[in-house]
Amino acid sequence: MSYGEIIENSAQRLQDLTRKGSMVVGYLYPHTPIELLMAHGLTPSLIRVNPSVVAGFEDSLQTFSCAFTRNIFSQRANGNLLSLSGVLFPGNTCDALQNVADVWRFRFPGDKILRVTYPATALTEHAVDFLANEFRFLSDNIAKMFDRQISATELADAASIVNDFREAMQFLYAARVYDSNAITYSELVSLLRKFLTAPDRSVVDEIAERFREIRQVLEKNGHLNSADILKDGLLIGNLEKVVTPPSNEFPRIVVVGGMVEPQAIASIVNNLDGVSDNIIALDLLSFGFKTVFTPKTLIPPANKGTKPIGAAPEPSYEGPFKAMARAVLQAPLEPTQEGLTTRTEFLKQLLTKIGVQGLVVCEQSFCDPDEFEAPSLEKAAEKAGIPSLRFPIDPELSDRGRLEGRLQTFLETIGEV
Amino acid sequence: MTEEKAYRRLESSKELQQISFQHMLEGHHASEEGRLAWVTSGFPVEIPVAMDVGVVYPEQYGAVVGANKVGPMVCGFAEDIGYSSELCSYARASIGSILKPSESPLEGLPKPQALLACNNICGSVLKWYDAVSELTEAPVFLLDTPALDVEQQPHHIEYVRHGIDNLIEFLSTTLGSTLTDERLIETAKLSSEAITLWQKSLKACKAKPTPLNCADRFLTMAPVVSSRGKQYCVDFYKTLYEEVESRVKEGIGAIRDEKVRLLWDNIPPWFQIFRFFNGMAQRGVAFPADTYTHAWSGAVEADDPYTSVATVYSNSYLNKGLEAKADKMEHLIKDYDLDGFIMFSVRSCKRYSLGQMVTREIVTERTGVPGTIIEGDMVDSRLFNEAQIGTRVDALLEMFV
């Protein structure tokens with residue numbers, strides 16, 4: 001399926017849901033507590049950039065608002081987001097998103113706007129408390145705005161769906177590092193997109209089916225244990241125990257960046273001569289890896305039932321808002337947060353451990369976090385002895401021919417080394 | 001016979017030069033002693049100052065780079081190592097000056113031993129200071145003051161309050177400094193005194209003609225940014241206020257023939273600061289108020305300085321939403337009896353600038369006065385199209401004829 005067809009399918013799915021009476025709330029930041037929205041009876045849907053969007057922001061935003069926000073804003077200005085019942089913006093992440101939410105409120109006064117403000121500090125108990133309070137406010141606002149109350153049962157069910165999704169996707173991400181033929185990058189991110197467009201149990205079941213199949217494949221080729229170790233290592237940001245995969249695919253790359261669409265990367269790579277997306281060992285993108293590798297939200301099941309004999313001891317639970325906040329803050333760090341050194345050290349370790357030949361550093365125009373971080377990521381790759389390529393990619397893929405040329409040349413260069 | 005200039009030079013400028021020099025010397029001295037921090041302009045500087053930590057301001061240094069008209073060159077040094085030209089020019093200027101101090105004004109800022117960032121002015125400061133940290137090896141401390149969507153909530157105050165505790169611990173560990181309540185209260189008092197005097201000078205500009213023009217305020221704001229908590233800062237603002245008061249009493253304006261009174265929004269183009277505002281003065285246009293210099297308005301209260309720091313510094317102008325910005329502009333226009341406004345859309349500063357297009361509509365609707373938006377940058381003169389800006393300003397001024 002092409003990138004365009006995938007976008008169309010997602011839109012169609014949302015329209016079907018709306019027709020059936022679902023209230024769909026769009027969100028923009030990958031670390032949104034979607035289980036909370038689901039528990040309120042809403043369908044959280046990640047608002048994605050659309051490469052075919054025609055500019056419609058000129059009377060509201062300057063051209064130096066980042067490419068991501070301009071694309072999303074244009075979609076709204078052009079009437080392409082009409083099926084949404086509300087939009088959830090993040091606060092304290094980047095200046096563009098911070099201000100665009102205000103501009104949106106003014107330009108589209110009929111839209112229901114929610115906001116969650118995130119701490120920029122790395123994980124501390126104070127940050128967890130702050131974010132837990134923000135989630136509590138969000139829950140109260142949803143209840144008022146949409147007249148949808150929350151219940152412990154619904155929250156437990158929603159958390160279970162989200163946790164199952166994360167666990168299966170985490171394994172699929174790790175599995176590809178050892179056997180990228182087991183599941184293509186396009187299929188991986190397509191499953192991811194399907195869930196994030198409209199998360200429900202049926203999509204998780206579909207992902208779980210692939211999870212079981214691929215576990216069998218890796219068991220047969222002897223990589224299952226290594227993939228499990230890598231999955232656990234990626235989750236905690238420590239790759240010491242990771243086994244370097246055999247270099248049977250060559251060259252292989254890691255793609256790093258912020259709020260870049262993974263599907264766009266897959267589409268560009270698959271369009272290159274003689275190249276498939278098997279070359280992508282792993283992405284470290286906000287809407288890919290960083291979304292997937294959020295730890296489980298530890299919320300107690302609503303109806304615990306009888307504990308089976310020999311079952312693992314129950315984790316100690318904290319309040320649901322705190323549990324969601326902790327999970328979010330334990331996710332891989334975004335460039336808008338503290339922790340540049342942690343991120344660059346992790347990248348160095350990763351590049352060395354998973355045996356890749358190149359790093360592609362994506363950056364969207366006028367994206368401060370991407371553009372500030374890119375030189376540090378390049379340096380980290382250099383220290384790991386891995387060549388890197390700066391990849392200026394915009395949602396519209398307006399410079400696609402040149403981007404493909406750059407990437408093709410880079411792959412040929414690292415393939416010859 | 002010399003031609004009479006359209007603007008009047010402030011006598012206080014002489015003292016300003018002296019204390020700027022003193023501030024610079026203090027910075028070098030602190031660096032040599034291993035206790036210098038680079039700080040962002042919205043940082044609660046009362047705490048490091050009370051802990052005897054020397055402070056210098058990369059944003060002010062950016063203004064110096066701009067005023068010296070070497071922005072493109074110094075920013076270019078940062079671009080050479082991979083920092084995009086789309087990034088903040090204050091950040092690029094400071095990174096550039098670290099890379100090539102001998103080719104930068106004042107040979108750059110003295111070497112820091114700590115980097116103190118507070119994100120109440122923008123989200124880029126953390127990224128910027130991370131980049132500086134990679135080059136200087138000085139550790140970064142972030143005081144996180146999440147942007148306010150509504151009124152500051154108790155959990156927000158609590159979070160920032162803990163951040164202040166962490167700051168004190170960071171400075172103790174990194175620089176071996178200590179803090180006593182007495183010293184903090186004393187510093188907070190001096191800081192508040194300077195801010196109160198500064199605010200009095202700003203409010204005096206309600207007079208017609210205005211005793212201070214935009215360029216006057218942009219230059220004389222330097223000590224309230226960089227030297228809050230110091231006695232010489234208070235002394236300077238006493239001198240300035242005396243001069244301002246005297247001008248008001250005698251009916252002496254900052255410009256000789258005030259015909260139109262406008263509001264300025266945003267940071268100024270430092271490389272054009274005299275040329276632009278004095279050019280406007282020649283046409284009888286004065287700027288009795290601006291949103292930038294009015295941002296230094298929150299005084300820390302001495303009775304509970306820690307909580308006061310957490311509230312004052314979280315409620316800064318740039319840490320609030322578009323509605324608060326529109327309110328501020330509306331009040332300034334009404335209080336200072338202004339005829340219109342110019343918004344400088346600064347490509348470097350997204351926090352300040354994105355939203356200006358709708359703010360203009362809101363402010364005009366509420367006040368009935370016209371405004372225009374001109375686009376450029378505060379340091380990087382490559383982004384300043386003088387002819388295009390001239391056309392926009394002319395169109396605005398025609399409305400007042």
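Here is how names work: the chains are called A, B, and so on, in the same order as the sequence lines, proteins then strands, and each is numbered from 1.
Comment: A:Arg105 does not engage B:Glu323 in a salt bridge, judged by the lack of any side-chain N to carboxylate O separation of less than 4.0 angstrom. A salt bridge between A:Asp370 and B:Lys127 is absent, with no side-chain N of the basic residue lying under 4.0 Å from a carboxylate O of the acidic one. For A:Asp95 and B:Arg351, the salt-bridge test passes: some basic side-chain N is under 4.0 Å from an acidic carboxylate O.
Rounded to the nearest 0.5 angstrom, A:Gln98 CD and B:Asn119 CG are separated by 10.0 Å. Annotation: the span from A:Glu363 atom CD to B:Glu86 atom CD amounts to 8.0 Å, rounded to 0.5 Å. Separation of atoms CD (A:Glu371) and SG (B:Cys88) is listed at 12.0 Å; rounding is to 0.5 Å.
For A:Pro392, no part lies under 4.5 angstrom from a heavy atom of chain B. A:Ala127 touches chain B through backbone and side chain together, each having a heavy atom under 4.5 Å away. Heavy atoms of B:Lys325 lying under 4.5 Å from chain A belong exclusively to its side chain. Looking at B:Val346, only its backbone comes within 4.5 Å of chain A, counting heavy atoms on both sides. If you measure heavy-atom distances from B:Tyr83 to chain A, the contacts under 4.5 Å come from both the backbone and the side chain. For a residue to count as touching a neighbouring chain, one of its non-hydrogen atoms must lie under 4.5 Å from one of that chain's; by this rule A:Glu125 does not touch chain B. In this structure, the portions of A:Phe366 lying under 4.5 Å from any heavy atom of chain B include both its backbone and its side chain. Using a 4.5 Å cut-off between heavy atoms, B:Gln153 touches chain A through its side chain atoms alone. With a threshold of 4.5 angstrom between heavy atoms, A:Ser65 approaches chain B through its backbone and through its side chain. Contacts of B:Glu361 with chain A are made by side-chain atoms alone, with heavy-atom separations under 4.5 Å and no backbone atom involved. Of the two parts of B:Asp130, the backbone and the side chain both hold a non-hydrogen atom closer than 4.5 Å to a non-hydrogen atom of chain A.
For the set B:Ala91, B:Pro146, B:Ala117, the entry with the most heavy-atom pairs within less than 4.5 Å of chain A is B:Pro146. Between chain B and the options A:Thr341, A:Asp129, A:Asp59, the largest number of non-hydrogen pairs under 4.5 Å is found for A:Asp59. Interface check for chain B: of the options A:Thr93, A:Thr121, A:Thr117, the most heavy-atom pairs under 4.5 Å are formed by A:Thr121. The most heavy-atom pairs under 4.5 Å with chain B, out of A:Pro335, A:Pro369, A:Cys94, come from A:Pro335. Heavy-atom pairs under 4.5 Å with chain A were tallied for B:Ile95, B:Asp144, B:Ile81; the largest tally goes to B:Asp144.
In this structure, a donor-acceptor pair under 3.5 Å is absent between the side chains of B:Ser353 and A:Gln62.
The shortest non-hydrogen separation linking A:Pro375 to B:Gly82 is CG-O, 3.4 Å. Taking every heavy atom of both residues into account, A:Phe64 and B:Leu354 meet most closely at CE1-CD2, 3.8 Å. Nearest heavy atoms, A:Glu338 versus B:Leu126: N-CD2, 3.6 Å. Of all non-hydrogen atoms in B:Leu142 and A:Ala120, the two that sit nearest each other are CD2-CB, 3.9 Å. A pairwise comparison of heavy atoms in A:Thr63 and B:Glu375 identifies OG1-OE2, 4.2 Å as the closest pair. Closest approach of B:Leu322 and A:Val103 over heavy atoms only: CD1-CG2, 4.0 Å.
A:Asp368 pairs in a salt bridge (charged side-chain N to carboxylate O under 4.0 Å, His left out) with only one of the listed residues (B:Lys350, B:Arg347, B:Arg92), which is B:Lys350.
Remark: side-chain polar atoms of A:Asp102 are not paired, donor with acceptor, to backbone N or O of B:Gly321 under 3.5 angstrom.
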Evaluate ring-ring contact (aromatic ring centres under 6.0 Å, His included) for B:His155 paired with A:Phe130, printing each intermediate quantity in order. CA-CA 6 Å; B:His155 74 280; A:Phe130 175 83; 5.1 Å; yes
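Within a 6.0 Å radius of CD in A:Glu382, other residues, nucleotides and ligands contribute 12 heavy atoms or fewer.
By a heavy-atom distance cut of under 4.5 Å, A:Asn133, A:Glu134, A:Phe137 are the residues of residues 132-146 of chain A near chain B, going up by number.
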